[in-house]
Colleague: 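Starting off with a structure, shown below.
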Number of protein chains: 2
Amino acid sequence: MSAPSLRARVRSEMTEEILAAARRRLAADGANLSLRGVARDMGIVASALYRYFPSRDDLLTALITEAYEALAAAAGEADARMPRADARGRWLAVAHAVREWALAHPSEYGLLYGTPVPGYAAPQGTRAPATAVVLLLVAIAGDAAQEHPDALPPSTPLPDALRADLRKLIDQQPGEIPEELLGRVFAGWVQLFGLVSFEVFGRTDAAIEARQEYFDHQMGMMADLAGLL
Amino acid sequence: MSAPSLRARVRSEMTEEILAAARRRLAADGANLSLRGVARDMGIVASALYRYFPSRDDLLTALITEAYEALAAAAGEADARMPRADARGRWLAVAHAVREWALAHPSEYGLLYGTPVPGYAAPQGTRAPATAVVLLLVAIAGDAAQEHPDALPPSTPLPDALRADLRKLIDQQPGEIPEELLGRVFAGWVQLFGLVSFEVFGRTDAAIEARQEYFDHQMGMMADLAGLL
DNA sequence: TCCGAGTCAAGAACAGTGTTCTCTGAATGG
DNA sequence: CCATTCAGAGAACACTGTTCTTGACTCGGA
């Protein structure tokens with residue numbers, strides 16, 4: 001493998017700089033970042049960007065991929081910081097990490113979980129990191145169930161199709177989890193992103209101000225539901 | 001009160017036509033509808049629209065208000081179709097109505113519950129219909145609690161601030177509801193819009209295909225949680 | 001009946017956008 | 001050393017929201 005030529009190196013550096021500028025502009029202007037804007041920020045003419053990204057959508061795709069990875073990393077690190085046996089603590093830590101990352105990067109979060117941008121279809125590459133958080137929640141619940149198998153709450157049976165689909169999803173990851181828990185973990189996942197979306201997108205009523213206190217209470221409730229002690 | 005002049009009548013008709021065209025274009029093109037596009041659709045020049053709406057944002061506001069009202073109406077009618085004593089049936093009917101309206105009007109739903117449009121702040125007028133659905137859920141749970149006061153599930157106490165805020169919200173509406181239920185109904189509300197958002201925005205993993213079956217199961221679970229029999 | 005006032009649509013214009021194409025200058029590699 | 005490659009500049013095109021001017025039309029009152 002030959003050493004990367006100077007041209008190749010400066011090219012990858014430039015790509016990195018463009019992404020950084022785009023991220024800054026995304027934070028400032030929201031989802032409608034303009035190519036010309038980021039070009040202006042770097043003292044470059046807009047058409048020059050096309051040497052690095054074939055279109056605005058491809059730039060967005062790169063940002064989305066980065067954002068998925070950053071979110072997954074934040075969740076994973078929060079989980080790793082807790083003792084493995086403390087399932088409830090891990091669950092809440094992951095929830096906190098997701099919430100805090102979303103509040104710190106609202107535009108990126110909007111790209112990931114908000115209205116899809118019109119002409120844009122998520123390419124295959126973004127799919128894997130998108131499932132990281134739910135897989136993490138499943139793993140935590142699985143660990144808890146293994147530790148306290150008697151704490152399993154009674155559960156209405158899952159519809160067959162849902163069970164099959166959830167199995168298909170979690171089979172991407174090693175680890176055992178009782179099927180009775182799947183629907184409950186799924187509910188916790190939905191609750192997590194539902195709460196965060198309401199908060200980030202400002203769609204709760206004015207009377208219900210978004211506060212971490214509520215978030216903790218609701219996620220704790222879902223932890224109970226999922227049988228985490 | 002004088003009869004509306006011909007000019008006033010044709011003006012309101014024109015306003016209605018513009019909104020209709022904008023709705024069609026919204027359904028076709030997603031959230032980035034263009035004034036010039038709707039103008040083109042009606043054989044009109046773009047600047048003429050400014051006689052009726054002072055800016056694109058005001059047109060969007062009108063669409064958003066309409067959409068909130070349509071969603072609230074769909075939910076309310078679904079509730080009214082069920083016998084008042086069948087709390088669980090009403091709960092599921094409302095959830096179904098919200099889901100089906102959202103799937104039938106994905107762009108409008110995105111306007112209401114997706115990424116907020118960048119420069120846009122929801123005016124006061126849109127706030128009231130936005131709370132209609134959660135008030136409906138609260139009312140249903142309140143009716144159930146009144147009918148079967150013994151069915152109240154045990155509940156961890158709400159944080160004070162959350163309880164105060166939820167009280168403030170539901171005090172806009174008559175009816176009694178035990179405070180232990182508030183957090184659970186809130187969770188059901190979050191679950192409802194979280195599920196619908198995942199489904200409409202296509203953010204569930206490819207392995208978990210969105211199906212009504214899942215939706216029913218999850219919302220039934222939340223109904224159990226909220227003590228609806 | 002007529003006429004000033006008010007209203008409407010059209011059209012041009014401006015600033016901004018994504019994208020494509022052409023051109024120049026510089027780095028690259030044989 | 002020289003031909004090839006490639007990064008950036010600049011012009012151009014089609015599109016957007018918005019503003020302003022201009023001419024035609026309708027309305028209410030004298």
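This structure is a prediction, so every number in the text was calculated from the model and none was measured.
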Colleague: Base, sugar-phosphate, or nothing for Leu59(A), non-hydrogen atoms under 4.0 angstrom?
Modeller: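 Counting heavy atoms under 4.0 Å across all strands, no contact is made by Leu59(A).
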Colleague: Using whole Å, what does the distance between atom C1' of nucleotide dG17(D) and atom CG of Asn32(A) come to?
Modeller: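 Whole-Å distance recorded here is 13 Å.
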Colleague: Measure the distance from CG on Leu60(B) to P on dG17(D) and round it to the nearest whole Å.
Modeller: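 In whole Å, dG17(D) P lies 10 Å from Leu60(B) CG.
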Colleague: Do the charged groups of Arg23(A) and Glu108(A) touch, with an N to O distance under 4.0 Å?
Modeller: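 No, no charged N to carboxylate O under 4.0 Å.
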Colleague: Send over the distance from Arg25(B) CZ to dC15(D) C1', rounded to a whole Å.
Modeller: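 Going from CZ in Arg25(B) over to C1' in dC15(D) covers 13 Å.
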Colleague: Could a donor-acceptor pair under 3.5 angstrom be found where the side chain of Arg51(A) meets the base of dG8(D)?
Modeller: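 Counting by modelled atom types and ignoring angles, a donor-acceptor contact under 3.5 Å is found here.
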Colleague: Any side-chain N or O of Arg40(B) less than 4.0 Å from the OP1 or OP2 oxygen of dT16(D)?
Modeller: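 Result: yes.
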Colleague: On a plain distance test, is the side chain of Ser47(A) in donor-acceptor contact with the base of dG10(D) below 3.5 Å?
Modeller: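 Checked by distance alone, the answer is yes.
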Colleague: Look at all strands and tell whether Met14(B) reaches a base, only sugar-phosphate, or nothing, counting heavy atoms closer than 4.0 Å.
Modeller: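 The residue Met14(B) makes sugar-phosphate contact but no base contact.
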Colleague: Would you say that Arg11(A) contacts Tyr52(A) through its side chain, given a criterion of any heavy-atom pair below 4.5 Å between the two side chains?
Modeller: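 Touching, per the 4.5 Å side-chain cut-off.
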Colleague: Could you tell me the separation between the CG atom of Asp58(A) and the P atom of dT20(C), rounded to a whole number of Å?
Modeller: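 Those two atoms, CG and P, are 11 Å apart.
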Colleague: Do the side-chain N or O atoms of Arg9(A) get closer than 4.0 angstrom to the phosphate oxygens (OP1, OP2) of dT28(C)?
Modeller: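 Result: no.
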Colleague: For the atom pair CZ (Arg99(A)) and CE (Met219(A)), what is the distance rounded to the nearest 0.5 Å?
Modeller: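 Interatomic distance, Arg99(A) CZ to Met219(A) CE, rounded to 0.5 Å: 11.5 Å.
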Colleague: Rounded to whole angstrom units, what separation is found between the CE atom of Met42(B) and the C1' atom of dA10(C)?
Modeller: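 Rounding to the nearest Å, CE of Met42(B) and C1' of dA10(C) are 15 Å apart.
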Colleague: Given side chains that start at C-beta, do those of Leu103(B) and Val196(B) come closer than 4.5 Å, heavy atoms only?
Modeller: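 Heavy-atom side-chain distance check fails, nothing below 4.5 Å.
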Colleague: Specify the separation, in whole Å, of atom CG of Asp29(B) and atom C1' of dT16(D).
Modeller: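 One finds 13 Å between C1' of dT16(D) and CG of Asp29(B), rounded.
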Colleague: Just to confirm, is there a sub-4.0 Å distance from OP1 or OP2 of dT19(C) to any side-chain nitrogen or oxygen of Arg56(A)?
Modeller: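 The answer is no; no side-chain N or O of Arg56(A) sits under 4.0 Å from OP1 or OP2.
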Colleague: Before we go on, tell me: are the rings of Tyr113(B) and Phe193(B) under 6.0 Å apart, centre to centre?
Modeller: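 Yes; Phe193(B) has its ring centre under 6.0 Å from that of Tyr113(B).
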Colleague: Would one find a side-chain N or O of Tyr50(B) under 4.0 angstrom from OP1 or OP2 of dA9(C)?
Modeller: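 The answer is no; no side-chain N or O of Tyr50(B) sits under 4.0 Å from OP1 or OP2.
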Colleague: Please tell me which of Arg36(A) and Tyr52(A) maps to the more 5' nucleotide of DNA chain D, matching each residue to the nucleotide holding its nearest heavy atom.
Modeller: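 Nearest-nucleotide comparison on DNA chain D picks Tyr52(A).
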Colleague: Tell me what Leu49(B) touches on the nucleic acid: a base, only sugar-phosphate, or nothing, going by heavy atoms under 4.0 Å.
Modeller: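 No contact.
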Colleague: Using whole Å, report how far CG of Leu35(B) lies from P of dC15(D).
Modeller: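 Answer to the nearest Å: 16 Å.
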